[in-house]
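Read through the structure below, which is laid out as structure tokens, and then see the notes.
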Protein chains: 2
Amino acid sequence: MISFRDNIVFLLAKAHQRAQGVLKAYLQAFGLTPMQCLFMEALWEEDGLSVGEIGRRIALDTATLAGVLDRMVTAEWVRRETDQVDGRVTRVYLTEKAREAFPGLASAIEVTNNELLNNFSLEEKLLFKRFLRDVKD
Amino acid sequence: MISFRDNIVFLLAKAHQRAQGVLKAYLQAFGLTPMQCLFMEALWEEDGLSVGEIGRRIALDTATLAGVLDRMVTAEWVRRETDQVDGRVTRVYLTEKAREAFPGLASAIEVTNNELLNNFSLEEKLLFKRFLRDVKD
DNA sequence: TATTATTACCTTGCATGCAAGATAATAGCG
DNA sequence: CGCTATTATCTTGCATGCAAGGTAATAATA
């Protein structure tokens with residue numbers, strides 16, 4: 001019997017828990033959650049994505065996405081617009097408020113990454129990220 | 001600006017998401033969630049732990065624990081008992097049903113770990129686990 | 001073109017996960 | 001002993017996260 005302390009699912013869950021906690025603390029000043037910030041990061045890469053495409057890029061199902069999107073529209077970080085060509089598609093656009101917050105958020109993300117990987121050398125960081133991508137597949 | 005694809009928080013979240021998904025699928029046959037299984041793993045290590053001690057060992061706050069415990073008592077995986085000496089303390093004990101499920105659950109956990117780390121050598125597995133423990137601290 | 005299949009999105013129900021506050025029991029201290 | 005501080009647990013409110021099912025719009029096909 002493997003101790004749960006050596007179970008990779010547990011180790012991933014708790015590392016993720018700590019990482020989420022650090023980022024969450026830094027984002028609190030902006031009134032944003034890590035998921036909401038991730039949502040906007042997808043749009044910084046390409047504004048006007050459809051809800052489905054955002055979900056594919058950040059690997060989140062549309063059920064969860066719907067709630068996140070609702071809250072972000074309410075908080076005026078983004079606006080939704082039905083596609084002119086395909087009436088099924090909802091496109092999402094960043095607001096001015098979101099664009100203004102960009103530098104601060106980018107900084108929060110960078111500081112978080114540095115803090116989380118403080119004990120890692122550059123090589124270790126790269127190896128660690130490769131490992132994370134290699135989990136299952 | 002770091003792409004979210006290189007953000008360690010995102011990488012951890014998604015690796016955890018995949019890991020959770022694999023374990024969840026294997027546990028479905030038992031009618032258990034990964035969290036409920038983890039909860040029982042803590043009790044296999046030491047039966048009769050208090051709610052608070054379980055939370056410390058699996059790094060979960062009591063707010064979340066309360067709900068998990070309720071569902072596990074209802075499903076008769078565990079029973080709760082107020083400590084005889086300290087009336088504030090609730091102790092949790094595994095039921096016969098839980099003990100019978102043990103071999104199957106241990107196997108599910110092992111299969112999950114092998115599947116998730118299929119591409120890893122033994123050295124890489126050890127290094128990866130060390131990295132996960134080294135995230136923040 | 002009429003019908004069927006597919007697609008995009010949404011809604012509901014259930015299970016975490018955390019912050020903040022409430023409650024009850026015990027411990028500590030004069 | 002009586003009062004205060006601490007501790008253990010529970011409750012509520014909000015935000016994910018997923019499974020399953022619903023709806024509307026478009027695509028595919030006869």
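When reading the values below, keep in mind they use all heavy atoms of this one structure, side chains included, and skip hydrogens, waters and symmetry mates. The chains referred to below are lettered A, B, ... by the order of the sequence lines, with proteins before strands, and numbering in each begins at 1.
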At 4.0 Å (heavy atoms only), tell me whether [X] reaches a base, stays on the sugar-phosphate, or touches nothing.
X       : value
B:Leu60 : sugar-phosphate
A:Thr90 : sugar-phosphate
B:Asp86 : sugar-phosphate
A:Gln17 : sugar-phosphate

Measure the distance from [atom1] on [X] to [atom2] on [N] and round it to the nearest whole Å.
X       : N      : atom1 : atom2 : value
B:Ile58 : C:dC18 : CD1   : P     : 11 Å
A:Arg91 : C:dA8  : CZ    : C1'   : 11 Å
B:Leu23 : D:dC18 : CG    : C1'   : 15 Å
B:Arg80 : D:dA8  : CZ    : C1'   : 13 Å
B:Leu32 : C:dA15 : CG    : C1'   : 13 Å
B:Asp70 : D:dT12 : CG    : C1'   : 14 Å
A:Lys14 : C:dT16 : NZ    : P     : 12 Å

Given [N], is OP1 or OP2 found less than 4.0 Å from the side-chain N or O atoms of [X]?
X       : N      : result
A:Arg71 : D:dT16 : yes
A:Ser50 : C:dA8  : no
B:Arg56 : D:dT7  : no
B:Thr33 : C:dT16 : yes
A:Gln20 : D:dA15 : no

Of A:Val68 and A:Gln84, the one whose nearest nucleotide on DNA chain D sits closer to the 5' end is A:Val68
If you assign each of A:Gly67 and B:Gln28 to its closest nucleotide in DNA chain D, which residue comes earlier from the 5' end? A:Gly67
Short N-O contact, A:Lys129 and A:Asp134, less than 4.0 angstrom: no
Taking 4.0 angstrom as the limit, do A:Asp47 and A:Arg91 come out as a salt bridge? no
Sidechain-backbone polar pair: B:Thr74 side chain, B:Asp70 backbone, donor-acceptor under 3.5 Å: yes
Does any donor-acceptor pair link the side chain of B:Arg88 with the base of D:dT9 at a separation under 3.5 Å? no
For A:Phe120 and B:Phe131, take the angle between the two ring planes, folded into 0 to 90°, and tell me which bin it lands in: parallel under 30, tilted 30 to 60, perpendicular over 60. tilted
Any donor-acceptor N or O pair under 3.5 Å, side chains B:Asp6, B:Ser3: no
